[in-house]
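These notes concern the structure reproduced below.
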Amino acid sequence: TGKIDLFGERESPMNTYLMSRRCGWAALAGFALILLAAPDAQAHHPMGGATPTTFWHGLLSGFGHPVIGLDHFAFVFAVGLASLALPGRFVMPAAFLIATAAGTLIHIAGATLPVAEFAIAGSVAVLGLLLAMQIALPVWGYAAFFAVAGLFHGYAYGEAVFGAETTPVVAYLIGFVAIQYAISVGVMEAVRVLARRDGVSQPVLVRVAGGVVAGVGIAILYASTGLA
């Protein structure tokens, strides 16, 4: 069929019901987490908001932005979860990483991507729901989704180095590409280790974690409306 089932064998109706409840509670936990942090959810500019002026400043800023921005971190985390059972799992995150670099360059060039914040939060919610609800996509479908989302996430990253010289910009790109790859691979390995150590199946871990990611994305969408 060209689709990859991230979750292996289909569960019994009872297990499906119990799993749905777990994912629902996980999503609510993620939602509550973001509501508590809503005032700071979008204020994630490394180096205190100052434009990097040296290679090291750019590199440290690149390391920091995907980590202190919970929307970005949640998506990179979910990329690792989704890539876990895909062919060439260590290569799949490249679609997102390359696109984030391209999105940053688009911002630096002065171009505009419309509704970027909405698209970023939406990408987190959608990928989390795909994982939590056990919805399989073709490999190319995941790659395309990673790439499109990456353009918007990268566009947001570009704000931190807008107006910077070439050297700190290059360092910034190196930093955030490296840290995002490390996070996604770390997530894959953490799920494998936890499943083996605790006797919990990888599908269960992926679905529950996907529920948390979905809750984070939905909460950020809600917070962006100004109602939170």
Side-chain angles (χ1 to χ4, degrees), residues 1-8 23 26-27 30-31 34 65-67 69-107 111-158 173 176-188 191 202-203 205-222 224:
T1 62
K3 293 185 177 181
I4 303 297
D5 187 350
L6 299 179
F7 306 96
C23 291
F31 186 83
I34 296 301
H65 203 146
V67 175
L70 190 54
D71 46 1
H72 304 307
F73 182 84
F75 192 84
V76 177
F77 184 91
V79 166
L81 294 174
S83 299
L84 180 61
L86 296 173
R89 66 179 182 273
F90 295 119
V91 178
M92 284 301 296
F96 177 71
L97 302 180
I98 293 170
T100 55
T104 297
L105 296 177
I106 288 172
H107 193 137
T112 301
L113 286 182
V115 296
E117 288 188 8
F118 179 82
I120 290 168
S123 70
V124 175
V126 169
L127 186 52
L129 288 171
L130 287 174
L131 295 169
M133 297 175 67
Q134 193 176 345
I135 299 174
L137 293 179
V139 174
W140 65 263
Y142 277 106
F145 183 75
F146 292 169
V148 172
L151 285 175
F152 288 96
H153 284 262
Y155 182 81
Y157 292 162
L173 294 173
F176 77 63
V177 167
I179 194 66
Q180 289 180 123
Y181 187 72
I183 292 169
S184 60
V185 171
V187 168
M188 294 184 223
V191 170
Q202 290 185 24
L205 292 173
V206 169
R207 294 189 69 184
V208 172
V212 174
V213 171
V216 168
I218 293 169
I220 294 175
L221 280 172
Y222 176 72
S224 69

Looking at CZ of Phe73 and CD1 of Ile179, how far apart are the two atoms once the value is rounded to the nearest 0.5 Å?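 The CD1 atom of Ile179 is 9.0 Å from CZ of Phe73, to the nearest 0.5 Å.
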At what distance, to the nearest 0.5 angstrom, does OG1 of Thr100 lie from NE2 of His65?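 Between atom OG1 of Thr100 and atom NE2 of His65 there are 11.5 Å.
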Quick one, [X] and [Y] - any side-chain contact, counting heavy atoms below 4.5 Å?
| X | Y | value |
| --- | --- | --- |
| Val139 | Met92 | yes |
| Leu81 | Val191 | yes |
| Ile220 | Val124 | no |
| Tyr155 | Thr112 | yes |

Heavy atoms only: give me the nearest [X]-[Y] pair and the separation to one decimal.
| X | Y | value |
| --- | --- | --- |
| Phe90 | Tyr181 | O-OH, 2.8 Å |
| Ala95 | Phe146 | CB-CB, 4.1 Å |
| Gly210 | Leu131 | CA-CB, 3.9 Å |
| Leu151 | Leu113 | O-CD1, 3.6 Å |
| His72 | Ala156 | CE1-CB, 3.8 Å |
| Tyr142 | Ile135 | OH-O, 3.4 Å |

Partners meeting side chain to side chain contact (heavy atoms under 4.5 Å, CB included) with Val177 (sequence neighbours left out):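 Only Leu97 meet the side chain to side chain contact (heavy atoms under 4.5 Å, CB included) criterion with Val177.
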Check the angle between the aromatic planes of Phe96 and His153 and answer parallel, tilted or perpendicular using the 30° and 60° thresholds.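 Rings of Phe96 and His153: perpendicular, over 60°.
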Indicate yes or no for a side-chain donor-acceptor contact from [X] to the backbone of [Y] under 3.5 Å, with no hydrogens or angles considered.
| X | Y | answer |
| --- | --- | --- |
| Ser184 | Val76 | no |
| Ser83 | Gly80 | no |
| Tyr157 | Leu173 | no |

Does Phe77 have any ring-ring contact (aromatic ring centres under 6.0 Å, His included) partners at least two apart in sequence or in another chain, and if so, which?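 None.
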